[in-house]
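What follows is a set of notes on a single structure, which appears directly below.
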Amino acid sequence: MQEFTGVWVRDPRIQKEDFWHAYMDYEICIHTNSLAFTKKTSCVRRRYSEFVWLRKKLQENAMLITHIPKLPPKNPFFSLNNAREIGARMEGLRKFLEAVVHSPVLLSDSCLHLFLQSQLSVKKMEACAKGRSRYTVSEAIHSFGSGNKRFGSQSEENMEEEEDMNCESE
């Protein structure tokens with residue numbers, strides 16, 4: 001059977017941080033039969049700044065071994081209400097992810113898998129990828145992926161509180 005990995009970037013949503021600040025996040029869905037992925041289907045929500053973080057991490061970890069695809073450019077005048085701009089950004093993000101998941105070098109990066117298959121924050125993804133969390137990358141993906149609310153016998157909220165304390169002590 002031939003290996004495949006499908007990537008979708010869809011369902012843009014405006015998230016309000018407070019009265020003055022808002023950002024857009026996107027649903028990132030993966031469907032694959034690749035042995036490189038822990039879960040064969042997953043959907044997570046990510047914002048543009050998290051894509052910027054991922055690209056930076058991939059660049060650091062690949063150490064010039066391979067070309068890192070570009071993200072769609074950051075537009076300081078990006079409008080959360082302009083459907084054409086939103087559609088163009090989603091297409092650019094999808095193309096970026098398509099190129100990344102088809103690169104064997106980049107596909108071996110644990111930050112990529114945490115980004116695509118867990119809802120962990122950037123801080124928690126970094127800690128997990130460096131082995132500074134109480135869970136492995138695979139456990140994080142299974143436990144903090146879309147729809148999962150429990151990690152063993154502890155709730156996700158308790159794990160996050162504990163993880164925050166562990167990260168602060170380093």
Side-chain angles (χ1 to χ4, degrees), residues 1-17 22-59 61-62 66-75 78-126 128-129 133 135-151 156-157 159-160:
M1 182 166 43
Q2 189 173 1
E3 192 172 281
F4 69 87
T5 302
V7 178
W8 294 269
V9 177
R10 60 187 185 195
D11 190 24
R13 291 187 191 164
I14 296 172
Q15 305 293 334
K16 294 194 181 267
E17 292 181 309
Y23 64 89
M24 177 137 329
D25 70 5
Y26 310 89
E27 184 178 50
I28 312 303
C29 296
I30 302 290
H31 181 70
T32 186
N33 66 353
S34 170
L35 296 175
F37 286 89
T38 302
K39 292 168 72 175
K40 301 310 171 197
T41 61
S42 63
C43 291
V44 297
R45 295 203 71 82
R46 296 289 178 200
R47 62 190 287 185
Y48 184 84
S49 63
E50 291 170 313
F51 278 87
V52 172
W53 169 84
L54 174 64
R55 187 176 189 284
K56 181 180 173 219
K57 283 310 219 185
L58 293 172
Q59 206 161 25
N61 296 342
T66 190
H67 168 74
I68 310 297
K70 293 200 180 302
L71 286 168
K74 176 130 176 113
N75 178 354
F78 183 78
S79 170
L80 298 176
N81 299 314
N82 185 322
R84 191 171 38 98
E85 286 181 12
I86 294 167
R89 177 174 279 182
M90 288 192 313
E91 181 62 16
L93 295 174
R94 186 195 63 76
K95 285 180 179 178
F96 167 77
L97 290 176
E98 280 282 342
V100 167
V101 300
H102 288 100
S103 165
V105 171
L106 300 179
L107 198 52
S108 67
D109 195 301
S110 57
C111 288
L112 172 65
H113 292 276
L114 289 165
F115 177 88
L116 290 173
Q117 298 197 299
S118 81
Q119 281 296 157
L120 293 176
S121 67
V122 165
K123 181 179 175 182
K124 289 180 179 63
M125 284 189 283
E126 284 187 353
C128 185
S133 65
Y135 41 86
T136 65
V137 171
S138 182
E139 289 169 337
I141 289 168
H142 280 296
S143 301
F144 295 114
S146 59
N148 293 326
K149 294 294 182 200
R150 304 294 290 175
F151 188 89
E156 182 176 347
E157 294 80 19
M159 283 295 290
E160 287 181 355

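Just so you know, these numbers come straight off a predicted model, no measurement behind them.
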Item to complete: Determine, step by step, whether Lys56 and Val52 satisfy the side-chain contact (heavy atoms from CB on, under 4.5 Å) criterion, reporting the C-alpha distance in whole Å, the side-chain angles of both residues, the deciding distance to 0.1 Å, and the verdict.
Response: CA-CA 6 Å; Lys56 181 180 173 219; Val52 172; 5.7 Å; no

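- Considering only residues two or more places apart in sequence or on other chains, Phe37 meets the ring pair (Phe, Tyr, Trp, His ring centres under 6.0 Å) condition with His113.
- A donor-acceptor distance shorter than 3.5 angstrom exists from the side chain of Arg46 to the backbone of Phe115, with no hydrogens or angles considered.
- A donor-acceptor pair is defined here as one N or O able to donate and one able to accept, closer than 3.5 Å; such a pair exists between the side chain of Arg55 and the backbone of Ile68.
- Distance CG/Asn61 to OG/Ser110: 7.0 Å, rounded to 0.5 Å.
- Heavy atoms only, all atoms of each residue included: Ile86 and Phe78 are closest at CG1-CZ, 3.8 Å.
- Looking at residues two or more places apart in sequence or on another chain, you find no ring pair (Phe, Tyr, Trp, His ring centres under 6.0 Å) involving His102.
- Under the side chain to side chain contact (heavy atoms under 4.5 Å, CB included) criterion, His31 pairs with Phe4, Trp8, Thr41, not counting sequence neighbours.
- Using a 4.5 Å heavy-atom cutoff, the side chains of Leu116 and Leu97 are in contact.
- Residues Cys111 and Trp53 have side chains in contact (heavy-atom distance under 4.5 Å, counting atoms from C-beta outward).
- Remark: Asp109 pairs with no residue by the salt bridge (charged side-chain N to carboxylate O under 4.0 Å, His left out) rule, at least two apart or across chains.
- Residues forming a side chain to side chain contact (heavy atoms under 4.5 Å, CB included) with Arg94 (at least two apart in sequence, or on another chain): Val9, Glu91, Glu98.
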Item to complete: For side-chain contact (heavy atoms from CB on, under 4.5 Å), just list the numbers for Ile30 and Val44, CA-CA rounded to whole Å, side-chain angles, deciding distance to a tenth of an Å, and then say yes or no.
Response: CA-CA 9 Å; Ile30 302 290; Val44 297; over 6 Å; no

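- Shown here for Arg89 and Asn75, the closest heavy-atom pair between the two residues is NH2-N, 4.1 Å.
- With sequence neighbours excluded, the residues forming a side chain to side chain contact (heavy atoms under 4.5 Å, CB included) with Ala99 are Pro69, listed by chain and number.
- In summary, of the residues considered (Arg45, Arg10, Lys16), a salt bridge (charged side-chain N to carboxylate O under 4.0 Å, His left out) with Asp25 occurs for Arg45 alone.
- Residues passing the ring pair (Phe, Tyr, Trp, His ring centres under 6.0 Å) test with Tyr26: none are found, sequence neighbours excluded.
- Looking at residues two or more places apart in sequence or on another chain, you find no salt bridge (charged side-chain N to carboxylate O under 4.0 Å, His left out) involving Glu85.
- For Gln119 against Cys43, the heavy-atom pair with the smallest separation is OE1-O, 4.3 Å.
- Residues that satisfy the side-chain hydrogen bond (donor to acceptor under 3.5 Å, both in side chains) test with Thr66, not counting sequence neighbours, are absent from this structure.
- Put simply, the side chain of Ser103 never gets that close to the backbone of Val100: no donor and acceptor are under 3.5 Å apart.
- The line from OG1 of Thr136 to NE2 of His142 is 8.5 Å long, rounded to the nearest 0.5 Å.
- Residue Leu71 holds its CG atom at 13.5 Å from NZ of Lys95, rounded to the nearest 0.5 Å.
- Residues Met90 and Pro12 share a closest heavy-atom pair of SD-CD, 3.6 Å.
- Among residues two or more places apart in sequence or in another chain, the side-chain hydrogen bond (donor to acceptor under 3.5 Å, both in side chains) test is passed with Thr5 by Thr32.
- The ring pair (Phe, Tyr, Trp, His ring centres under 6.0 Å) test applied to Tyr48 returns no partner, not counting sequence neighbours.
- The line from CD of Gln117 to CG of Leu112 is 8.5 Å long, rounded to the nearest 0.5 Å.
- Here the CG atom belonging to Leu106 is positioned 10.0 Å from the CD atom belonging to Gln59, to the nearest 0.5 angstrom.
- Of the possible donor and acceptor atoms, one in the side chain of Lys40 sits under 3.5 Å from a partner among the backbone N and O of Ser34.
- To the nearest 0.5 Å, the span separating CD on Gln15 from CE on Met24 amounts to 9.0 Å.
- Annotation: side-chain hydrogen bond (donor to acceptor under 3.5 Å, both in side chains) contacts of Arg47 (sequence neighbours excluded): Ser49.
- Contact between Ile141 and Ser118 at its shortest, heavy atoms only, is CA-CB, 4.3 Å.
- Considering all non-hydrogen atoms of both residues, Ala140 and Cys128 come closest at CB-SG, 4.0 Å.
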